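Here's the structure we're looking at; comments come further down.
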Amino acid sequence: MTVTPPVSRAVERAAAALGRLRRGRLLHPAGRSFAGEVVIWGTPGPPTGVGLLDDPGRYRATVRLSKGTPTPGSWPDVLGLALRLHLNAGRPFDLLVSSSGAAPLLRNLPLPCRDFSGTYSTIMGYRAGPRRLWLAALADPESVDLGRGLDAVAAAARANAPRLVLAVASAVGPWRPVGQVSLGTPLGAREDAALAFDPVRNLPPELRAAGPLAWLRERTYRGSRRARGVDGQSGGSTAATV
């Protein structure tokens, strides 16, 4: 999809204006952030071609769980999970996923949900060479439930270091577990406000955002960050907590 520079700039300016009116994040304004850890086990079966997913590793991380609209309390909403892997060199890896269905057709749709221990997918997916990939965070059956509502998520993190399973899939294939993310110490409100993600540019070199509206996602997030006076690598805790 070809988008002219004037259209891209107009979208970014509109997102920035809306962000200033909202005096905060344009997307998923209500959330809780945590220091965490990501353990990559490696890809079962055929490799994805993305070294970060195919090779075992352990990374410090920042995790943010959020509500999209946001609706009050534990009311259904499109829930979000933003994950930043702090790599040893270069840009971090920012993974943003939204509550969705687990089946192939439903993993492309953001779906309202109550429980934070559900299925989150990248919705639009990525390309790794000729492959089309989707990434997801799935409920870990051996972990404590994250509960309903942001206060319940914070309480679960303080008490039990809850976990989610990271997984990868093709357009129609099953989810293949590649690792897990653990939530640790909750971050303060000021740290949460300073945290900003870039799901289009902060990617491993083998991975790129795909889909006809990838440009819209990039410009919308850029405009929202501009309104807040932050950049795509702002914030995030590298503390070891789990």
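Everything quoted here is computed from the prediction, not taken from an experiment.
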Close side-chain approach of I123 to S100, heavy-atom, < 4.5 Å: yes
Heavy-atom pair with the smallest gap, counting every atom of P186 and A154: CG-O, 4.4 Å
Side-chain heavy-atom pair I40, D55 within 4.5 angstrom cut-off: no
Side-chain (S33) to main-chain (L187) donor-acceptor, under 3.5 angstrom: no
Exam field: side chain S99 to backbone L111, donor-acceptor pair closer than 3.5 Å: yes
Worked verdict on E191 versus T62 for side chain to side chain contact (heavy atoms under 4.5 Å, CB included): CA-CA 11 Å; E191 293 171 289; T62 303; over 6 Å; no
Close side-chain approach of N202 and F197, heavy atoms under 4.5 Å: no
Smallest separation among heavy atoms of P56 and W41, with atom names: CG-O, 3.5 Å
Rounded distance [0.5 Å steps], CG in L138 versus CG in L166: 8.5 Å
From D140 atom CG to S117 atom OG, the distance as rounded to the nearest 0.5 Å: 9.0 Å
Shortest non-hydrogen contact from G173 toward A169: O-CB, 3.8 Å
Test: R148 cationic atom under 6.0 Å from W75 six-membered ring centre, within 45° of axis: no
Lys/Arg N to Asp/Glu carboxylate O, R201 vs D94, below 4.0 Å: no
Spatial distance of atom CG (N108) from atom OG (S121) [nearest 0.5 Å]: 7.0 Å
Residue pair P29 / P70, side-chain heavy-atom distance below 4.5 Å: yes
Heavy-atom side-chain proximity of Q180 to L164 below 4.5 angstrom: no
Point-to-point distance, once rounded to the nearest 0.5 Å, from CG of L96 to CZ of R84: 9.5 Å
Side chain K67, main chain G73, donor-acceptor under 3.5 Å: yes
Any F116 side-chain heavy atom under 4.5 Å of P162 side chain: no
F93 side chain near Y59 side chain, heavy-atom distance below 4.5 Å: no
Distance-minimising heavy-atom pair for A128 and L133: CB-CD1, 3.8 Å
Cluster check L85, Y126: I/L/V/M/F/W/Y, side chain < 4.5 angstrom: yes
Residue pair R64, D192: steps toward the salt bridge (charged side-chain N to carboxylate O under 4.0 Å, His left out) verdict: CA-CA 8 Å; R64 186 174 193 266; D192 178 74; 2.8 Å; yes
Hydrophobic cluster identity match, Y120 and L135, side-chain contacts under 4.5 Å: yes
Hydrophobic cluster identity match, L87 and L203, side-chain contacts under 4.5 Å: yes
Side-chain donor/acceptor of D77 to backbone N/O of T69, under 3.5 Å: yes
Worked verdict on R91 versus D198 for salt bridge (charged side-chain N to carboxylate O under 4.0 Å, His left out): CA-CA 10 Å; R91 290 178 176 270; D198 189 333; 5.1 Å; no
Single-linkage hydrophobic cluster, 4.5 Å side-chain cutoff, L52 and V63 together: yes
Cluster overlap L79 with V153, hydrophobic side-chain contacts below 4.5 Å: yes
Under 3.5 Å: donor-acceptor pair, side chain of T71, backbone of P76: yes
Heavy-atom closest contact (A171 atom, P104 atom, distance): O-CB, 3.7 Å
Heavy-atom closest pair, residues M124 and R132: O-NH2, 3.1 Å
D54 side chain to G49 backbone, donor-acceptor under 3.5 Å: yes
Sole residue of R58, R60, R163 in side-chain hydrogen bond (donor to acceptor under 3.5 Å, both in side chains) with E37: R58
Note, P44 side chain near V178 side chain (heavy atom, < 4.5 Å): yes
Steps toward side chain to side chain contact (heavy atoms under 4.5 Å, CB included) verdict (R176, T48): CA-CA 11 Å; R176 296 188 287 156; T48 64; 4.0 Å; yes
Any donor-acceptor pair under 3.5 Å from R114 side chain to S74 backbone: yes
Side chain to side chain contact (heavy atoms under 4.5 Å, CB included) assessment of L183 paired with L65: CA-CA 10 Å; L183 276 66; L65 288 150; 3.6 Å; yes
